[in-house]
Amino acid sequence: MAQQTVLVVDFGGQYNQLIARRVREANVYCELISFEKIREKIEETHPIGIIFTGGPASLLEPNAPRIDAEILGMGIPVLGICYGCQLIAGTLGGAVGNGPREYGRRELAIKAKKSKLFEGVSAKSTCWMSHTIYIEKLPQGFVTSAVTETCPVAAMEDPERKLYGVQFHPEVMHTAEGFKMLKNFLYGVCGAKGDWTMSGYIERTVKELKAKIGDSPIVCALSGGVDSAVAAALVHRACPQLKCIFVDHGLLRKDEAAEVVRVFRDEQGMNLVAVDASDRFLKKLAGVTEPEAKRKIIGEEFIRVFEDEGKKMGGAVDYLVQGTIYPDVIESGLNHSAKIKSHHNVGGLPAAIKFKELIEPLRLLFKDEVRRLGFELGLPENVVMRQPFPGPGLAIRIIGDITPDKLAILREADFIFRDEIAKNKLDREIWQYFAALTNIRTVGVMGDERTYDYTVVLRAVTSVDGMTADWARIPFEVLQNISDRIVNEVKHVNRVVYDITSKPPATIELE
Ligand code: XMP
């Protein structure tokens, strides 16, 4: 049976990916598409329902994105959110107009007691609003199904035609019963069966990969990061011949390289080629202090190492696995809510090895789904929940030139920091945390001896996507303990400082 699909039509609102994630969380598969592709996507996917998202445009402007009225007459259930709700009204002969800005939490009062959208929802609850355009006249056949004190049409519906609109945002947490409303739409109105699960996804993908690849040669570059790890584990289920190449550039954290080999070769039984290229990288980096120069050298050296590996395989393979995930696909496919990435992972492999086709088994999944999939495939927590780690590794966490001694100092200090964060159960709430080594040396006193040693910086931030970040409010006692342990246990460190700058104006990494 074909997978049921819901189309989430993007009008450029900031919560659009969140809407798609909520739908998936409700075990319904959805795709986030541009409003310009709506017709072809309906033909291609035969959706069980459509959700119009919010967006920054105003229907009062001539250039606002619009849709054909026909789309609302096909019998496919539609839920319009914010701009999407106004769009339904405007398209079907209703009217919208400017009003006072309504922003933040509002009390929502349900008027249509029998509404399928509000089944089981409290008569009064909290919703989240963000708009200045109001629905002034309902289209024919619609009734007002909810109001707030300031918004006379907070929700509207025409249950006959299965058309629903909400002025507020059911996808955000501040709308207390929003998830229930989305599920009501998906299950009560669209007739969803809840057939989107990670175990189902594994089963289908493995079948497809087997049929497509068979026993042809297939290669994956394993970085140790979540996406490439999960992609490799998934492909390995279908293609045991998968060859994984893992390059240790000598700039990984304590025990990290050994851990990759243990998990993927020993536990998962994969054909893993671990290349210890630390000498090559460190030689190239000797004396280099400029951050971008370090990045460039590392990126280039990766390609050289992969080229060497490629030669050993005869220079070409049929298939190459890459851990592209859905947000990357969305970013390149929708030009509305596109973000500009500041960094790209050091890849190298596609540039260095010839291949016929790229295999991207995660390209439909959000990050949280990738993690669930990882657990389902039996990968351990420290791989699946791993925090982001930059491609150039510790090279951009050592300010100034990189030496084996400095790497050893940083590895120990960083290990203690991570160990204490985990022991204090702060690892899930802090987005990224690490130690960095400054090139500052200061005077200290240990025992009765004068010391002249390095200063370690602790960096810990909360963030959603790394684009902006705030410094994490780690309790003082925890910081105290970390500082004590580092100066006591790590030779050549006599001072520990905590970085309390947000991004912007600072960045997360120090280089
Ligand atoms: P910044 O330091 O720019 O970092 O605030 C934002 C996020 O990107 C990671 N980062 C990198 N990742 N190659 C990478 O693959 C890089 O050169 C690089 N520089 C920073 C950083 O760890 C954070 O998650």
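Both ligands and their constituent atoms are indexed starting at 1 by order of listing. These numbers come from the heavy atoms of this one structure, side chains and all, not from hydrogens, waters or symmetry mates.
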Numbering as shown, the atoms of ligand 1 that approach Gln432 to under 4.0 Å (heavy-atom distance):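 Answer for ligand 1: 21 (C), 22 (O), 23 (C), 24 (O).
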Those atoms of ligand 1 less than 4.0 Å from some heavy atom in Ile396: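 Here the atoms of ligand 1 in question are 19 (N).
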Look only at interatomic distance and state if [X] has a nitrogen or oxygen under 3.5 Å from any nitrogen or oxygen of ligand 1.
X	answer
Lys503	yes
Pro388	no
Glu509	yes

Test item: side-chain donor near acceptor, Asp499 and Thr501, under 3.5 Å: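 On atom types as modelled, these side chains qualify, holding a pair under 3.5 Å.
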Residue portion contacting ligand 1 (non-hydrogen atoms closer than 4.0 Å) for Phe434: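 No part of Phe434 is near ligand 1 at this cut-off.
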Mode of Arg295 contact toward ligand 1 - side chain, backbone, both, neither (heavy atoms, under 4.0 Å):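 Side chain only; the backbone of Arg295 stays clear of ligand 1.
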Aromatic contact, [X] with [Y] (centres under 6.0 Å):
X	Y	answer
Phe11	Phe52	yes
Tyr29	Tyr201	no
Tyr454	His492	no

Cation over ring face, Arg24 and Tyr326, 6.0 Å, 45°: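 Yes, a cation-pi geometry.
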Option set Thr468, Ile508, Val461, Ile298, criterion heavy-atom distance to atom 5 (O) of ligand 1, minimum: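 That would be Ile508.
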CA sep, side-chain torsions, deciding dist, call: Arg418, Asp414, salt bridge (Lys or Arg N to Asp or Glu O under 4.0 Å): CA-CA 6 Å; Arg418 289 189 289 127; Asp414 182 67; 2.9 Å; yes
